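To start, the structure under review is shown below, and the notes come after it.
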Amino acid sequence: MVDLQQQYAGIKDQVDAAIREVFETAAFINGKQVAEFSRNLSSYLDIPYVIPCANGTDALQIALMGLGLEPGDEVITPSFTFIATTEVVALLRLKPVFADVDPKTFCLDPASVEKKISKKTKAIVPVHLYGQSAPMKEIMDIAQAHQLYVVEDNAQAIGGDYHFPGGKTQKTGTIGTLGTTSFFPSKNLGAYGDGGALFTRNEKLAERLRMIANHGQTKRYYHELVGCNSRLDSIQAAVLNVKLPLLDTYIGKRINVADAYDRAFAHHPKISTPYRAPYSKHVFHQYTLLLEGADRNKLQEHLASKKVPSMIYYPVPAHRQQMFAAFHSDREKLETTDWLTERVISLPMHTEMDEDQIKFVTGSVLEFLN
Ligand SMILES: *Cc1c(COP(=O)(O)O)cnc(C)c1O
């Protein structure tokens, strides 16, 4: 699905030098690379506060801890997402409430969110799925009307844009109360191990999040809050400092691959290519087709026989996961989520794909469907 070896080959000298510097200074934890990366990301996203942490799941957890929610408070999330988004809610003894998604964008459907609001609702967690922004204007309007926090799960869309009606553009993840991301190696801005970050415009909240990520500590050995230990290590920060300046180029390459895929699949009766919402710059973490009247399992088998990887993100939505049996009854339906779960298929998508590879992938798909 991704080719990180080839990508490394293109930046080997800089990455090796950056990592060597960490080894030589032996500042493995909280080295100067970490502060430098926080500054770099803050300037790239145009947001004043960036709090680095150990991974994208921790970032979501720390975000919810930082909002001071009480056990039983409700948090509205999509069910059509990676499990981390919803898992941290339950982990903190909050109640995940699943809203449905839009069949075109695959992101939270504001009408469904509104229906799920109760007296206990405290936050909405939109996910910018596959690299496309959720409809943030509508979500922010709902949040404002009901006094709710908004935590943007930006793990799949770092570098993406949201265009407000009227022309203002903001980076995804910088619109809500706070945003979170992951630097898992295969993400659009991937480290060479785990990593994550939170971002916010609120100075007080930023201070609190920083404290929570560091054992609730105000100064060393003085602990004001119950926190956790979640750090971005210096080696990962060093790698990210090399890769962040390349992020927009990498995104451009992903969009080129998506364009070529779109052209090959255009007007096919059994395929819907990814919808690109006019309000969003889609950064194509995934390139995900919707199949109509095609046997997805057989297509996957056919692709596998030709050594073309494909993935189903996600085969079981959160509301049907065993871990959430206590939170969701089978009578509750998320029609679009269930419908999508049976029809989506993601194709290889990365920065190193060349024309021949794209042709081979599209040829293999079309040969099966035609
Ligand atoms: C990857 C991902 C996460 C979790 O990130 P990790 O760094 O793997 O913990 C959370 N949410 C979404 C939508 C993701 O894709």
Side-chain angles (χ1 to χ4, degrees), residues 1-2 4 37 41 50-65 75-92 96 98-99 101 105-108 123-134 136 139 150-160 172-173 176 178-199 213 228-233 235-237 239-240 243 251 254 274 280 282-288 311-319 321 323-324 337 340-341 344 346 349-350:
M1 295 297 283
V2 295
L4 297 175
F37 175 65
L41 186 60
V50 168
I51 298 98
C53 69
N55 57 67
T57 308
D58 276 10
L60 285 159
Q61 182 186 323
I62 293 163
L64 293 174
M65 289 170 81
V75 177
I76 298 178
T77 79
S79 169
F80 196 59
T81 179
F82 179 58
I83 199 66
T85 316
T86 53
E87 182 184 35
V88 296
V89 177
L91 183 73
L92 294 171
F98 305 115
V101 292
T105 65
F106 310 142
C107 292
L108 269 185
I124 309 172
V125 184
V127 178
H128 305 309
L129 200 74
Y130 303 154
Q132 174 145 264
S133 179
M136 289 309 294
I139 289 169
V150 174
V151 178
E152 296 176 70
D153 182 346
N154 198 34
Q156 299 190 2
I158 189 126
T172 53
L178 70 170
T180 66
T181 200
S182 162
F183 305 120
F184 187 81
S186 63
K187 297 280 155 88
N188 284 21
L189 178 59
Y192 288 4
D194 277 310
L198 303 101
F199 9 95
C228 55
N229 170 25
S230 187
R231 292 185 282 244
L232 179 69
D233 76 63
I235 292 172
Q236 301 311 331
V239 171
L240 291 166
K243 289 185 73 176
I251 289 171
R254 287 174 178 274
S280 164
H282 197 319
V283 294
F284 288 100
H285 176 57
Q286 299 296 343
Y287 184 89
T288 304
M311 290 291 285
I312 309 304
Y313 302 114
Y314 297 88
V316 183
H319 72 289
Q321 295 286 352
M323 64 153 77
F324 292 131
T337 296
L340 288 174
T341 299
V344 289
S346 301
M349 167 53 79
H350 57 83

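Just follow the structure's listing: the first ligand is 1, and inside any ligand the first atom is 1. Remember, it's a predicted structure, so these values are computed and weren't measured experimentally.
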Notebook entry, point to check: How are the rings of Phe80 and Tyr314 set relative to one another: parallel (under 30°), tilted (30 to 60°) or perpendicular (over 60°)?
Noted result: perpendicular
closest protein heavy atom to atom 4 (C) of ligand 1 is Thr57 OG1, 3.5 Å
Within 4.0 Å of some non-hydrogen atom of Asn55, the atoms of ligand 1 are 7 (O), 9 (O)
**OP:** Give yes or no for whether the N/O distance cutoff of 3.5 Å, strictly under, is met between Asp153 and ligand 1.
**Re:** yes
Once the angle between the rings of Phe98 and His319 is folded into 0 to 90°, is it parallel (under 30°), tilted (30 to 60°) or perpendicular (over 60°)?
tilted
A student checking ligand 1 against Gly56 at a 4.0 Å heavy-atom cut-off should list atoms 4 (C), 5 (O), 6 (P), 7 (O), 9 (O)
(request) Would you check whether Tyr314 has a nitrogen or oxygen atom less than 3.5 angstrom from a nitrogen or oxygen atom of ligand 1? (result) no
In terms of its nearest heavy atom to atom 3 (C) of ligand 1, the top option of Phe82, Phe184, Tyr130 is Phe82
Closest to atom 15 (O) of ligand 1 among protein heavy atoms sits Gln156 NE2, 2.8 Å
For ligand 1, find out whether one of its N or O atoms is nearer than 3.5 Å to an N or O atom of Asp58. no
*Side-chain donor or acceptor of Lys243 paired with backbone N/O of Gly190 under 3.5 Å*: yes
ask   = Do side-chain atoms of Gln286 reach the backbone of Met349 as a donor and acceptor pair under 3.5 angstrom?
value = no
Taking every heavy atom of Ser346 against every heavy atom of Thr288, the minimum-distance pair comes out as OG-OG1, 2.8 Å
Can the ring centres of Phe183 and Phe37 be said to be less than 6.0 Å apart?
yes
| query | Short N/O distance, under 3.5 Å, between Ala84 and ligand 1? | reply | no
Those residues at least two apart in sequence (or on a different chain) that pass side-chain contact (heavy atoms from CB on, under 4.5 Å) with Val150 are Pro126, Met136, Ile139, Met140, Ala143, Glu152, Thr177
Residues passing the side-chain contact (heavy atoms from CB on, under 4.5 Å) test with Thr180, sequence neighbours excluded, are Ala59, Leu60, Ala63, Val151, Asp153, Leu198
Quick note on ligand 1: atoms under 4.0 Å from a heavy atom of Thr85 include exactly 11 (N)
Closest to atom 1 (C) of ligand 1 among protein heavy atoms sits Lys187 NZ, 1.5 Å
